[in-house]
Amino acid sequence: MPSYKLSPDATRKPGPIVAGDPSERGTDRLLLGHSAEAGPFREVWLDVSGEQVIAAFGKRGTGKSYTLGVLMEGLSAGCGDSRIAHLETPRGALVLDIMDIFWTSTLALGDEGPPQIKKQFAVMKKRGFSSMPLNVDVWVPAGYERPDIDPPGVNPLFISPADLSLDDWGSLFDVDIFTEPRGMLIADAVQHVSTDGYTRTDGTQAVGFATFTFAELLDCLNTDADILRNYQDTTLRSIRQRMTSYAALPLFTGSGTPLGNVIQAFRTAVLMLGRVPDALKRVIVAVLLRQILRIRRDVSFAQKRIDLDASLSQAERHSLEAFVSSGLPRTWVLMDEAHVLVGTGQSSVASAAIVKYAKEGRNYGLSLGVATQQPSALDQSLLSQVETVISHQLTAPQDAAVAAKGMRSPAPTQIQIDGETADVDGVLRRLSQGEALFSCGNAPSLQRSCVIAVRPRITAHGGYEA
Ligand SMILES: Nc1ncnc2c1ncn2[C@@H]1O[C@H](COP(=O)(O)OP(=O)(O)OP(=O)(O)O)[C@@H](O)[C@H]1O
Ligand SMILES: [Mg+2]
């Protein structure tokens, strides 16, 4: 590993480096690793007392998914103190796992078992860590379970069709809802079954219900007198056909899984999305993020009334408290390969929901952690929300430029790598696997970006080639 000597000192005071909260509260912290620079041993902690947006960059195989896994492990370590985290505030986490590599956190490392476990155990043990069980639950969109290969205990996630926005419907059917006849047909059908109701060709009436099913949408497409009059047969046929295949998906049956069952305080839900077709993946991500934002917006509003409104009666206070506890805890959303869902120039329902979540979420107790191998391909409006950057090795000039420009701490005034003068680009090119340049805009005592070695994982890392 190269030897790094950077000036000035990373912080004015010696001891652990703790960064991530503008007020340096330190009530909630995750162990990221230690300083990889010349000098005394210093742990590096991410202060997660407040909400934030954090990004891990790095070219293939340099440690991004591993680092995201380190964050996830810390968030799943439970209330109180452990070797990898100190957590007081109830928070949940949701991993939107498009590669299906994070479920492995349910597996402890040990010196017995398959060779891969023993290998990862040896790395962990050499660096003085031990494994512990974490609070991780695994979910998969209903219908995409694979009992023949899945580990036990995978939970099916259901989504209510009523939670889809018109844009989601457009995305699902790959049509423009506002300009294409097929899109307008879907919009009309949704409007009729959810709100207006409709008259069937046999003269019977159907009443609109906010919580509707695919079966009701199909009934509307088959029998709604207005719709049958206003749309051509080819348009009707094509939408009915696709509606029928979506109606058959277990994902959309029933009333939708309450998010409170999925996201729970001091626990992480890993949602495996690898098997789900892209169009559906985008809609699921959009629906979930919008729901989280909506629920947390209301919960934090109610919490502020409890905190600030001295005129509340006892009964009002109790009812607000009940509302808060029936909502969602503060939440971290973690996403690997983020450029896939929120890439430059993409205007998908998922990217819109992710950007909105990143922009507005902090006010409502919502944090975001993303990883990408191509920071230059990440949506600008998401990048601009990032306060903490953990950049592993980057060699492509356009990506290194984005990472170097995006450093959130002042640059070091002097850098030497193996005794030779270098610049930030030089550091980014030289970093070894698991090392990263760490910078944070919310760290008053951090005087500059610093080179860190990310700690070993204490549960199985699933991001290797198999
Ligand atoms: N902090 C670390 N400590 C020990 N080993 C690490 C560390 N970071 C990464 N590694 C090793 O590097 C390998 C690749 O890491 P990782 O899966 O995170 O790569 P990646 O950057 O996500 O790559 P890809 O772009 O291919 O997804 C891991 O399987 C692990 O063996
Ligand atoms: Mg990866």
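Below, all heavy atoms of this structure are taken into account, side chains as well, without hydrogens, waters or symmetry copies. All residue numbers refer to positions in the sequence shown, counting from 1. Counting convention: from 1, in listed order, for ligands and their atoms alike.
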(request) Using a strict 4.0 Å threshold on nitrogen-to-oxygen distance, state whether D168 and R282 make a salt bridge. (result) no

(message) Just checking Y364 against F301, ring centres under 6.0 Å apart?
(response) no

(message) Please determine whether the number of non-hydrogen atoms from other residues, nucleotides or ligands lying under 6.0 Å from atom CD of E88 exceeds 12.
(response) yes

(request) Spell out the protein N/O/S atoms under 2.8 Å from the Mg ion (ligand 2) as residue plus atom name. (result) S65 OG

(message) Can you see whether F129 has R83 sitting over its ring - NZ or CZ less than 6.0 Å from the centre and within 45° of the normal?
(response) yes

(message) I want to know whether F57 and H392 have ring centres closer than 6.0 Å.
(response) no

(request) Report yes or no: does D100 contribute a side-chain atom to a donor-acceptor pair with the main-chain N or O of L273 at less than 3.5 Å? (result) yes

(request) State whether the number of non-hydrogen atoms from other residues, nucleotides or ligands found under 6.0 Å of D174 atom CG is greater than 12. (result) no

(message) If you define the side chain from C-beta out and look only at heavy atoms, does anything of D399 sit under 4.5 Å from K59?
(response) no

(request) Measure centre to centre between the rings of W169 and F214, then say whether the value is under 6.0 Å. (result) yes

Report each N/O pair between ligand 1 and the protein that falls under 3.5 Å, naming both atoms.
from	atom 1	to	atom 2	distance (Å)
ligand 1	1 (N)	V454	O	3.0
ligand 1	3 (N)	R127	NH1	3.3
ligand 1	12 (O)	Q433	OE1	3.4
ligand 1	12 (O)	Q433	NE2	2.9
ligand 1	17 (O)	H461	NE2	2.8
ligand 1	17 (O)	G463	O	3.0
ligand 1	18 (O)	K64	N	3.4
ligand 1	18 (O)	S65	N	3.1
ligand 1	18 (O)	Y66	N	2.8
ligand 1	19 (O)	G63	N	3.4
ligand 1	21 (O)	T62	N	3.2
ligand 1	21 (O)	G63	N	3.0
ligand 1	21 (O)	K64	N	2.9
ligand 1	21 (O)	K64	NZ	2.7
ligand 1	22 (O)	S65	N	3.0
ligand 1	22 (O)	S65	OG	2.7
ligand 1	23 (O)	G61	N	2.7
ligand 1	23 (O)	K64	NZ	3.4
ligand 1	25 (O)	K64	NZ	2.7
ligand 1	26 (O)	R60	NE	3.0
ligand 1	26 (O)	R60	NH2	3.0

